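Please see the structure below; I have some questions.
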Amino acid sequence: MAPVAISEESGNGTIGSVSESKKVQANQRIEDTRIINPFYSPSAGNENDDDYSYAKYKPRFPVVNWEPLTEIEVTDRGHFADSSKTALFSAAQKVKHLTPAIGTELVGIDLRQLTNQQKDELALLVAERGVVFFRDQELSIHEQLDIARHFGPLHKHATTPVPREPGLEEVHVVYNDASRRPDASAFSKIELWHSDVTYEIQPPSTTSLKVITGPEYGGDTLWSSGYALYSSLSPGMQVYLEGLTALHSAVAQARGSRAAGLHVRREPVESIHPVVRVHPVTGWKSVYVNPGFTRRILGVPKPESDTILNFLFHQIAENVDFHVRFHWEPNSVAFWDNRIVTHTATFDFWPQTRHALRATPHGEKPESVEDYESRTGKVAKDRQIEIWKEQGIEIPQSKKGLSRARGYND
Ligand SMILES: O=C(O)CCC(=O)C(=O)O
Ligand SMILES: [Fe+2]
């Protein structure tokens with residue numbers, strides 16, 4: 001698959017105070033990168049937007065240079081949660097699971113009122129359900145950042161836009177408006193599925209996105225469960241994937257930005273992560289590759305890597321049993337666990353405006369099954385089998401007997 005930069009690069013192309021001829025050149029370059037990034041709105045933000053109440057959160061690309069990221073200590077807040085999540089659930093009017101595999105909506109909670117205990121329980125719920133939704137949330141971006149900071153140190157994106165308002169460089173802005181019609185023919189929807197910035201040494205954990213302006217219909221986001229993908233595989237395939245690592249790369253994303261005449265704030269990196277990672281709190285195994293950033297499975301022949309990745313990418317994008325699809329209203333907020341889900345957005349809403357703000361905490365370094373098991377002394381689990389056991393449902397023959405002894409053989 002050709003490397004692509006992804007929806008994370010959506011946003012405005014304010015070129016700044018450059019001469020007219022340079023501006024033409026830069027706009028030309030932006031058009032040239034359509035294929036790399038179909039979501040880019042080059043002239044958004046150049047129009048008079050005095051009457052737009054969220055103009056201060058429109059995209060900006062500061063010319064600053066940040067040092068490479070280094071390893072940091074992160075302890076997931078889900079470890080501190082009560083497994084029944086009573087404090088969180090008792091504050092909700094309704095807890096609505098949206099599909100068996102993924103997605104829960106909590107009704108009647110004001111995120112501004114969450115106690116630290118409830119935030120810890122939210123981290124656990126997101127780890128279990130993949131993505132959790134709230135509507136009608138008045139919280140400001142500053143309050144959204146405060147919740148994110150509870151989950152971990154905040155990530156600053158090297159290429160995607162930040163808000164115009166100073167001091168918000170940890171915020172990732174998603175912005176599209178009438179100024180550019182996305183070219184649907186320029187990309188495949190499979191390529192656009194991703195988990196955020198998986199090329200980092202410590203990719204994100206409990207990430208939140210709030211839509212502040214959006215279309216009445218259209219502009220949905222979809223998430224795909226990596227737990228469900230893992231569970232869907234044969235025991236032989238699971239064991240095979242558990243022994244592998246893959247390369248995740250920021251290079252294409254940075255190249256796309258530079259080709260668009262934009263400043264890259266931190267040099268692009270590449271990291272090697274396990275193909276199956278274990279969530280540190282749930283102990284469940286999840287397939288950890290994504291079309292946006294995973295380039296190569298290491299230690300196997302290239303055709304094998306291409307074929308396996310292609311198979312996994314297609315499963316992520318096409319197996320609707322792994323998916324939840326959410327229609328946003330202004331003030332909807334989603335929290336997703338980037339360690340165990342991938343996501344993509346729809347671009348069906350042009351010429352309407354869609355504007356959202358993301359807060360992104362770093363997680364721990366992705367941990368393989370082997371490393372998790374030797375560190376904790378516990379056995380990493382297949383989420384689906386755990387659920388069947390909990391519900392007293394017999395485990396299908398296809399899951400029995402074939403795998404190494406992991407406690408599921410009788
Ligand atoms: O626009 C969306 O719904 C999601 C964009 C995206 O991938 C992100 O903000 O991480
Ligand atoms: Fe994303």
Side-chain angles (χ1 to χ4, degrees), residues 1-10 33-40 68-69 71 155 157-160 172 186-204 207 224 226 229-230 233 237 240-260 262 264-277 285-318 338-345 360 362-363 365-369 371:
M1 162 174 310
V4 284
I6 53 149
S7 58
E8 294 207 329
E9 287 185 315
S10 55
T33 61
R34 261 184 333 179
I35 310 249
I36 297 170
N37 183 354
F39 309 134
Y40 196 76
L69 296 177
E71 245 179 277
H155 176 258
H157 205 293
T159 58
T160 62
H172 153 101
F187 57 94
S188 107
K189 289 306 281 186
I190 290 170
E191 292 165 324
L192 300 174
W193 281 89
H194 66 280
S195 169
D196 297 330
V197 298
T198 58
Y199 44 75
E200 303 288 20
I201 317 173
Q202 289 175 253
T207 302
S224 182
L229 171 51
Y230 176 85
L233 302 170
M237 185 66 151
Y240 168 68
L241 294 181
E242 283 173 27
L244 297 174
T245 56
L247 181 80
H248 298 242
S249 177
V251 170
Q253 191 176 55
R255 192 173 53 227
S257 285
R258 287 191 167 123
L262 296 169
V264 172
R265 305 189 282 276
R266 192 167 52 234
E267 284 306 309
V269 295
E270 299 190 319
S271 292
I272 295 169
H273 296 310
V275 168
V276 175
R277 78 182 285 185
K285 296 183 265 195
S286 183
V287 174
Y288 193 62
V289 296
N290 70 88
F293 300 119
T294 313
R295 301 284 173 253
R296 180 79 161 81
I297 295 179
L298 301 173
V300 302
K302 172 124 185 350
E304 185 172 327
S305 166
D306 289 348
T307 302
I308 296 290
L309 286 178
N310 193 39
F311 161 66
L312 295 171
F313 294 166
H314 275 265
Q315 285 299 296
I316 287 169
E318 291 169 0
N338 261 304
R339 295 168 290 196
I340 50 144
V341 297
T342 47
H343 57 278
T344 193
T360 316
H362 281 280
K365 230 175 132 184
E367 198 168 36
S368 68
V369 173
D371 289 349

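Remember, predicted model here, so these are calculated numbers, not experimental data. FYI, side chains are in, hydrogens and waters are out, and symmetry mates aren't considered; it's all heavy atoms of this structure.
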Supply the atom-to-atom distance Q253 CD to T160 OG1, rounded to the nearest 0.5 angstrom.
->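 Reported value, rounded in 0.5 Å steps: 7.0 Å.
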
Can you see which heavy atom on V197 is nearest to which on F293, and at what distance?
->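 Looking at all heavy atoms of both residues, the closest pair is N-CE1, 3.6 Å.
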
Using the side chain to side chain contact (heavy atoms under 4.5 Å, CB included) rule, take Y230 and M237 through it: C-alpha gap first, then chi angles, then the decisive distance, then the call.
-> CA-CA 9 Å; Y230 176 85; M237 185 66 151; over 6 Å; no

Given the rule in the side chain to side chain contact (heavy atoms under 4.5 Å, CB included) test, do V287 and V289 qualify, once you have shown the distances and angles that lead to the verdict?
-> CA-CA 6 Å; V287 174; V289 296; 3.9 Å; yes

Under 3.5 Å side-chain donor-acceptor pair for Y288 and E367 =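 Y288 vs E367: no donor-acceptor pair found between side chains.
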
Specify the closest pair of heavy atoms between Y199 and S271, including all atoms of both residues, with the distance to one decimal.
->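 Closest approach of Y199 to S271, heavy atoms only: O-OG, 2.6 Å.
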
Answer with yes or no whether the side chains of E200 and H155 bring together a donor and an acceptor at under 3.5 Å.
->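 Note: H155 and E200 side chains meet the donor-acceptor criterion.
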
Determine, step by step, whether R255 and V264 satisfy the side chain to side chain contact (heavy atoms under 4.5 Å, CB included) criterion, reporting the C-alpha distance in whole Å, the side-chain angles of both residues, the deciding distance to 0.1 Å, and the verdict.
-> CA-CA 9 Å; R255 192 173 53 227; V264 172; over 6 Å; no

Between I316 and S224, which heavy-atom pair has the shortest distance, and what is it?
->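 Reported closest heavy-atom pair: O-OG, 2.9 Å.
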
Could you give the distance from CG (L244) to OG (S305), rounded to the nearest 0.5 Å?
->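 Rounded to the nearest 0.5 Å, the CG-OG separation comes to 9.0 Å.
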
NZ/NE/NH1/NH2 to OD/OE distance under 4.0 Å, E267 and R258 =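 The answer is yes: the pair qualifies as a salt bridge.
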
Can you find a heavy atom in the side chain of T159 that is under 4.5 Å from one in the side chain of R265?
->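 Not in contact.
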
Distance-only side-chain donor-acceptor flag, H194 / T342, under 3.5 Å |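 H194 vs T342: no donor-acceptor pair found between side chains.
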
Distance (rounded to the nearest 0.5 Å) between L233 CG and E242 CD =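 Going from the CG atom of L233 to the CD atom of E242 covers 10.0 Å.
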
Pair H343, D196: side-chain N/O donor-acceptor within cut-off below 3.5 Å =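 Distance-only check passes for H343 and D196.
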
Measure the spacing between OG of S249 and CZ of R295 and express it to the nearest 0.5 Å.
->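 One finds 5.5 Å between OG of S249 and CZ of R295.
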
Rounded to the nearest 0.5 Å, how far apart are NE2 of H314 and CD1 of I190?
->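 One finds 3.5 Å between NE2 of H314 and CD1 of I190.
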
Nearest non-hydrogen partners of K365 and I201, listed with the distance =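 In this case the closest contact between K365 and I201 is CG-O, 3.5 Å.
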
Smallest separation among heavy atoms of P366 and R277, with atom names =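 Closest pair (atom of P366, atom of R277, distance): CA-NH2, 3.5 Å.
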
With S195, the side chain to side chain donor-acceptor pair (under 3.5 Å) member among N338, T294, T207 |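 One option only clears the test, and that one is N338.
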
Would you say the side-chain atoms of K302 pair up with the backbone N or O of I297, donor to acceptor, closer than 3.5 Å?
->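 No, the answer is negative, given that no donor and acceptor are paired below the 3.5 Å cut-off.
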
Determine, step by step, whether H273 and T245 satisfy the side chain to side chain contact (heavy atoms under 4.5 Å, CB included) criterion, reporting the C-alpha distance in whole Å, the side-chain angles of both residues, the deciding distance to 0.1 Å, and the verdict.
-> CA-CA 5 Å; H273 296 310; T245 56; over 6 Å; no

Which atoms form the tightest heavy-atom contact between Q202 and G363, and what is the distance?
->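 Here Q202 and G363 meet closest at NE2-O, 3.0 Å.
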
When rounded to the nearest 0.5 angstrom, what distance separates NE2 in H172 from OG1 in T360?
->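 Spacing of NE2 (H172) from OG1 (T360) equals 7.0 Å.
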
